[in-house]
Amino acid sequence: MSRSGEQAMTTQQQILDIVADLEKRLYEGLEESSAEILSEVFSDDLVYVHSQGIAETKHENLVGQQSRFFWHGPVKRVGGETTVYGTDLATTVGPIEMVDYGHGPAYTLHLHQTLVWANENGTWRLVLRVATKARD
Amino acid sequence: MSIIESVLESEQRFYSAQTASDVAELAQIFADDLYFVHTTGATDTKASYLEAVRSGRYGHGEIYKLHGRTLVSDDESGAVSIGVVDMVTKAADQPVMTIRIHQVLVWERAGSGWRLKSRQATKQPL
């Protein structure tokens, strides 16, 4: 393998590690309703689509988290994968399980989710999250 | 044609093929490992989606993107189209209806064109 090939692989693995850490932080932020964590993870241009079809900006989502209109328990991805494109774009596609506390008794939502990550001036952020309720 | 325009052209080609139920064209557009999530939460592979179109279980009328944006990676190996789309559905044994959806399309470079790697949609509330 050429040296440039080795460097390319290392770069991709580094990005995968960064995105994996960000995904973990996203789920921590959702579980803790932490505006501090989520504001670091979210791009200023975030579009956050809930499984009910409601789309929010970064500001709207953070307000919703703080008011606990959207109140989550543990969130975990149960399949799928992250794919890196170049050095500034990545997607995480796959099913997740999310405990919901915000709408009556706690229950586990089974969702399909697409996350889009972008490197914005050297910092990776979440630019899109789309969730769709999985078929029972 | 700019790289963004080439992604948008592929997106329009996808909508036209859906509207025409053009299985051969859809087979060209889809990546072999396609992951297709419907608003109902049902999922399809490339093979199962094409079979559903072929059998008439899936059908579409006009598909129109109202707004959105497109991101392309710096090496132009991947792209993402995000948007709000109006779609006329003509599924077998179902009434024809128009739905408004949030949609994300993930594209991978294939030669001089693009292949659709994943598609996920969520229906907007009325």
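Protein chains get the first letters and strands the later ones, always in sequence-line order, with residue 1 at the start of each.
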What part of V84(B) gets closer than 4.5 Å to chain A, counting heavy atoms only: side chain, backbone, both or neither?
neither
Answer with side chain, backbone, both or neither: which region of L71(B) has an atom nearer than 4.5 Å to a non-hydrogen atom of chain A?
both
Region of S118(B) in contact with chain A, defined by heavy-atom distances below 4.5 Å:
side chain
Counting heavy-atom pairs closer than 4.5 Å to chain B, which one of D88(A), L89(A), L111(A) comes out on top?
D88(A)
Does atom CD of E32(A) have more than 12 heavy-atom neighbours from other groups under 6.0 Å away?
yes
Using the rule that two of Ile, Leu, Val, Met, Phe, Trp, Tyr join whenever any of their side-chain heavy atoms come within less than 4.5 Å, decide whether Y35(B) and Y49(B) are in one cluster.
no
Student check: side-chain heavy atoms of K117(B) and V93(A) closer than 4.5 Å
no
Search all heavy atoms of S73(B) against all heavy atoms of Y85(A) and return the closest pair with its distance.
CB-O, 3.3 Å
With a sphere of 6.0 Å drawn around CG of D17(A), does it hold more than 12 non-hydrogen atoms of other residues, nucleotides or ligands?
yes
Should the heavy atoms of other residues, nucleotides or ligands under 6.0 Å from OH of Y64(B) be counted, would the total exceed 12?
no
Atom pair NE2 (H102(B)) and NE2 (H50(A)), whose distance is rounded to the nearest 0.5 Å
10.0 Å
Residue T39(B) versus chain A: region with a heavy atom under 4.5 Å
backbone
Any idea which of N119(A), T114(A), T91(A), V47(A) has the most non-hydrogen atom pairs under 4.5 angstrom with chain B?
T114(A)
So which of T83(A), D45(A), I54(A), V84(A) has the largest heavy-atom pair count under 4.5 angstrom toward chain B?
D45(A)
What are the two closest non-hydrogen atoms of Q120(B) and H112(A), and how far apart are they?
NE2-O, 2.9 Å
May I ask whether V49(A) and L30(A) are part of the same hydrophobic cluster, defined by side-chain heavy atoms of I, L, V, M, F, W, Y residues being less than 4.5 angstrom apart, directly or through others?
no
Let me know if V130(A) has heavy atoms under 4.5 Å from chain B in its side chain, its backbone, both or neither.
both
For the candidates R109(B), E76(B), R69(B), Q103(B), which exhibits the highest count of non-hydrogen atom pairs separated by less than 4.5 Å from chain A?
R69(B)
Hey, quick one: are F14(B) and I3(B) part of the same hydrophobic cluster, counting side-chain heavy atoms closer than 4.5 Å, chains of contacts allowed?
yes
Under a single-linkage definition using a 4.5 Å side-chain heavy-atom cutoff for Ile, Leu, Val, Met, Phe, Trp and Tyr, are V116(A) and V106(B) assigned to the same hydrophobic cluster?
yes
For the NZ atom on K65(B), are there more than 12 heavy atoms of other groups (residues, nucleotides or ligands in this structure) within a distance under 6.0 Å?
yes
I'd like to know if Y27(A) and L16(A) are part of one continuous hydrophobic network [Ile/Leu/Val/Met/Phe/Trp/Tyr, side-chain heavy atoms within less than 4.5 Å].
yes
Looking only at non-hydrogen atoms, find the nearest pair between G53(A) and P125(B) and report the distance.
O-CD, 3.3 Å
